[in-house]
Amino acid sequence: MMPALGLLLAYLCGSIPAAYIAGRAIRGIDLRQHGSGNLGATNVMRVMGAKIGTAVLLFDAAKGVLPVLALPHLLGVEGNAWWAIGYGVAAIIGHVRPIFLLGRGGGKGVATAAGVFGALAFLPLLVSAIAFIAVVLTTGYVSLGSLVAVLVFPLAALVASGTITPVFVAGAAMAGFVFWTHRANIGRLRRGEEHRFGRRGTVA
């Protein structure tokens, strides 16, 4: 029962809506009604500036790192990759469907997933992050960078390990999940309407 309890704790950790709290506390606004309407770091940067957006980004990533690193040790399953992955997935679900916002209006899970997979496999995550930065710098599309990054991660994990591992399986599954959460962005990218980070775009 104790390891299973960690899934609930990880979900609650992931559910802390940093972007919502920042909007309410600093500007007195609900970020779900501004910019893209998404409670992620990109929208925080767009509406509230880079400093606050960076703070939210780091907080959201930490929501993925802490359950993966701390809970296996605290609950006696240290070294079990599947439990660590399970805690990470629970944190990501919490970010996307936060109980503190009644399961609605969370982020898309990219920053929290980056924290999870950074804790599980740092070098593949670093390769994925480089791919993300390269795409954003060349195209201006954060959403496209995120999509490319989640595709690169499992490939990098496979190359690093030389075999199929739990991290590769989880990374591949996460890629599918992130594509699902970005389905509206994909539609806008196909229509040429997606917002370019740092530039004026058709869609906020």
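Just so we're clear, the structure is a prediction, and the values are computed from it rather than from any experiment.
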If you measure from [atom1] on [X] to [atom2] on [Y], what distance do you get to the nearest 0.5 Å?
X	Y	atom1	atom2	answer
His195	Asn185	NE2	CG	11.5 Å
Leu71	Leu9	CG	CG	6.0 Å
Ile130	Leu125	CD1	CG	10.5 Å
His95	Ile93	NE2	CD1	12.5 Å
Thr42	Leu57	OG1	CG	8.0 Å

Do [X] and [Y] belong together in a cluster built from hydrophobic side chains that touch within less than 4.5 Å?
X	Y	result
Leu66	Val89	no
Val65	Val77	no
Leu158	Val150	yes
Leu155	Val167	no
Ile16	Ile52	no

Going by the side-chain hydrogen bond (donor to acceptor under 3.5 Å, both in side chains) test, which pairs reach into residues 7-26, not counting sequence neighbours? Tyr20-Arg24
Which pairs pass ring-ring contact (aromatic ring centres under 6.0 Å, His included) with one or both residues in residues 152-190, sequence neighbours excluded? Phe117-Phe153
Which residue pairs pass the ring-ring contact (aromatic ring centres under 6.0 Å, His included) test with at least one member in residues 49-81, sequence neighbours excluded? none
For Asp60, which residues count as a side chain to side chain donor-acceptor pair (under 3.5 Å) partner, sequence neighbours excluded? Lys63
Quick check on [X]: does its [atom1] atom have over 12 non-hydrogen neighbours (other residues, nucleotides or ligands) under 6.0 Å away?
X	atom1	answer
Ile164	CD1	no
Phe122	CZ	no
Ile99	CD1	no

Take Leu189 and Ser143, measure what side-chain contact (heavy atoms from CB on, under 4.5 Å) needs, and give me the verdict at the end. CA-CA 9 Å; Leu189 284 167; Ser143 57; 3.8 Å; yes
[X] side-chain N/O to [Y] backbone N/O, donor-acceptor pair under 3.5 Å:
X	Y	value
Thr112	Gly109	no
Asn38	Asn43	no
Arg196	Thr139	yes

Shortest non-hydrogen contact between [X] and [Y], atoms and distance:
X	Y	result
Gly106	Pro98	CA-CD, 3.7 Å
Val68	Gly88	CG2-CA, 3.8 Å
Ala22	Val56	CB-CG2, 4.1 Å
Pro67	Ala10	CB-CB, 3.8 Å
Pro3	Tyr87	O-OH, 2.7 Å
Val136	Gly145	CG2-CA, 4.3 Å

With a 4.5 Å limit on heavy-atom distance, are the side chains of [X] and [Y] in contact?
X	Y	value
Leu147	Val135	no
Ile85	Val169	no
Trp82	Pro166	yes
Met48	Leu31	yes
Leu5	Leu8	yes

Would you check, one step at a time, whether the test side-chain contact (heavy atoms from CB on, under 4.5 Å) holds for Leu101 with Leu39? CA-CA 11 Å; Leu101 296 178; Leu39 290 182; 3.4 Å; yes
Salt bridge (charged side-chain N to carboxylate O under 4.0 Å, His left out) against Arg32, all qualifying residues, sequence neighbours excluded: Asp30
Residues at least two apart in sequence or cross-chain that pass salt bridge (charged side-chain N to carboxylate O under 4.0 Å, His left out) with Arg191, listed by chain then number, are Glu193
